Protein chains: 2
Amino acid sequence: MHPALKEYLSGKLDLSLQDEQLVSRCFKSKFAARNEIMVAKGAVARHLYFVVKGCLRVFLTGEDGSESTRFLVVEGRFGTAFPSFILRQPSAAAIQSLESSELLTLSYEDRQTLYEQVPGWETMDRIGLELDYIASIQRIESFITMDAKMRYEILQQTNPDLIRRLPAKIIADYLGISQETLSRLKAKR
Amino acid sequence: MHPALKEYLSGKLDLSLQDEQLVSRCFKSKFAARNEIMVAKGAVARHLYFVVKGCLRVFLTGEDGSESTRFLVVEGRFGTAFPSFILRQPSAAAIQSLESSELLTLSYEDRQTLYEQVPGWETMDRIGLELDYIASIQRIESFITMDAKMRYEILQQTNPDLIRRLPAKIIADYLGISQETLSRLKAKR
DNA sequence: TTGATTTGTTGACTTTTATCAATTTTTTTA
DNA sequence: TAAAAAAATTGATAAAAGTCAACAAATCAA
């Protein structure tokens, strides 16, 4: 098993040797170039992606070519175009590798296999889902209760690495504000 | 078992007679008066609520007394102050019954019991969680990509009942806009 | 049913943020 | 490393939404 995945699982789940081998077989290694589109808008997202190294962006495109970042997925985290993956429908969002990335992919079918075959896998996954859901609830709250400056400050506190690492325009998209507004926000203090 | 819960479960899960009795014992009936606060801000949300009749609101309060509606939970749906319930921490949000409501409550511990004792319960719950998560992702997208008018139009299309049923100020909170802006939006067409 | 309270509407004005455009800075790649 | 491309900054202006205030309408509770 890939050490990064092993690290992810440690403390969450104890696997028998056999189960560990099954998990290993289900996750396929994949490398993506910087800016590579993994899943295009309109395609079905058939995999979950575990980021070993690099960074993925799940983003929407408007008719006018504008882009809005729905999610950013960094090292040690899972991500995909979730509605498409779960509902098995064409995705409103595209998935892009923002950096040269190393990924482990898990297909919908293999995920099902793990639920059925590996004791504790579904519980672990359910707990991970709960935490992702909580994060998205908190993001919704930030839009309902905060202005752009406050959202940026919170992001600075909770994810300073993201800000350091990614182009400001991506951060601006993620915060739901324009590039120019973010630039002014940063200048102001 | 309460017929509303039975209806919810039908098609999702086949229960043995024994399991059905266990489920029945885990869910406690509760009635709430209009405007009753079920969980105050700062308290831990110890239950999931299934709404048989009525409507719950999960909302945040600012220091200035302003309120922001995080979620609305109507008949046939589950809800709670989710981060508090899962993390077992004091809740940032309060839960209020907007109408005279009939509820079924499931404690954290009883939820655990159902996961452990009832085959298929965790899978059913995981799938429900996935759908709730998808809904919250779509709500995030609406904040990132749409203006107030568009968000309101989408809500009209997807939940016309909510608009008909609830005071406009609650809908405005839920959309993340001021009461006045919503009033003007409605007048404009 | 009526007085009191809450909710909704509208106007005037302010603040926040977006948009467009020009320029500088940084990054990429040939 | 140099030219090209992409990203960031800054200014001017416009649009969107918020705030405050007054009043109207609807709802509630005695």
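Quick caveat, the model's predicted, so the values are computed rather than measured. Numbers restart at 1 for each chain; the letters A, B, ... are given by sequence-line order, proteins then strands.
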### Task
Kindly work out whether a path of hydrophobic side-chain contacts (I/L/V/M/F/W/Y, heavy atoms less than 4.5 Å apart) joins A:Val51 to A:Leu72.
no
### Task
Return the orientation label for the B:Tyr8 and B:Phe50 ring planes: parallel under 30°, perpendicular over 60°, tilted otherwise.
perpendicular
### Summary
Within residues 57-72 of chain A, those residues having any heavy atom closer than 4.0 Å to DNA chain C are none
### Message
Assess whether a salt bridge exists between B:Glu130 and B:Arg126, defined as any Lys/Arg side-chain N lying under 4.0 Å from an Asp/Glu carboxylate O.
### Response
yes
### Query
Looking just at side-chain N and O atoms, do A:Ser142 and A:Arg151 make a donor-acceptor pair shorter than 3.5 Å?
no
### Query
In chain order, what residues pass the salt bridge (charged side-chain N to carboxylate O under 4.0 Å, His left out) check against A:Arg70, with sequence neighbours excluded?
B:Glu141
### Message
Measure CZ/B:Arg151 against P/D:dA16 and give the value in whole Å, please.
### Response
13 Å
### Message
Using whole Å, what does the distance between atom C1' of nucleotide C:dT17 and atom CZ of A:Phe143 come to?
### Response
14 Å
### Query
What is the distance from CG of B:Asp147 to C1' of D:dA14, rounded to the nearest Å?
15 Å
### Message
Based on the rotation axes of five pairs at each end, what angle does the helix from C:dT1-D:dA30 to C:dA30-D:dT1 bend through, to 10°?
### Response
60°
### Residues B:Ser68, A:Thr145; criterion side chain to side chain donor-acceptor pair (under 3.5 Å); working and verdict
CA-CA 7 Å; B:Ser68 312; A:Thr145 62; 5.7 Å; no
### Task
Can you tell me which residue pairs pass the salt bridge (Lys or Arg N to Asp or Glu O under 4.0 Å) test with a partner in residues 85-94 of chain B, sequence neighbours excluded?
B:Arg88-B:Glu109
### Message
According to salt bridge (charged side-chain N to carboxylate O under 4.0 Å, His left out), who are the partners of B:Glu116, at least two apart in sequence or on a separate chain?
### Response
none
Review item, nucleotides 3-11 of chain C N/O atoms under 3.5 Å of protein N/O:
{"unit_1": "C:dG8", "atom_1": "OP1", "unit_2": "B:Ala168", "atom_2": "N", "d": "2.7"}
{"unit_1": "C:dG8", "atom_1": "OP2", "unit_2": "B:Ala168", "atom_2": "N", "d": "3.4"}
{"unit_1": "C:dG8", "atom_1": "OP2", "unit_2": "B:Lys169", "atom_2": "N", "d": "3.0"}
{"unit_1": "C:dT9", "atom_1": "OP2", "unit_2": "B:Ser183", "atom_2": "OG", "d": "3.1"}
{"unit_1": "C:dT9", "atom_1": "O5'", "unit_2": "B:Ser183", "atom_2": "OG", "d": "3.2"}
{"unit_1": "C:dG11", "atom_1": "N7", "unit_2": "B:Arg184", "atom_2": "NH2", "d": "2.5"}
{"unit_1": "C:dG11", "atom_1": "O6", "unit_2": "B:Arg184", "atom_2": "NH2", "d": "2.9"}

### Task
Starting from C1' on D:dT27, measure out to CG on B:Leu98 and report it in whole angstrom.
15 Å
### Query
Roughly how many Å is it from CG in A:Leu185 to C1' in C:dT15, rounded to a whole number?
14 Å
### Query
Pick from B:Arg111, B:Gln112, B:Gln117: which one makes a side chain to side chain donor-acceptor pair (under 3.5 Å) with B:Tyr115?
B:Arg111
### Message
How many whole angstroms separate atom CD1 of A:Ile177 from atom P of D:dA16?
### Response
18 Å
### Query
Taking NZ from A:Lys149 and C1' from C:dT15, how many angstroms apart are they, rounded to a whole number?
13 Å
### Task
Return the value, rounded to whole Å, for the distance between atom CD1 of B:Ile144 and atom P of C:dA18.
12 Å
#### Entry: B:Phe85 side, atom CZ; A:Ile134 side, atom CD1 - distance, nearest 0.5 Å
10.5 Å
### Task
Measure the CZ-CG distance between A:Phe82 and A:Leu129 for me, rounded to the nearest 0.5 Å.
5.0 Å
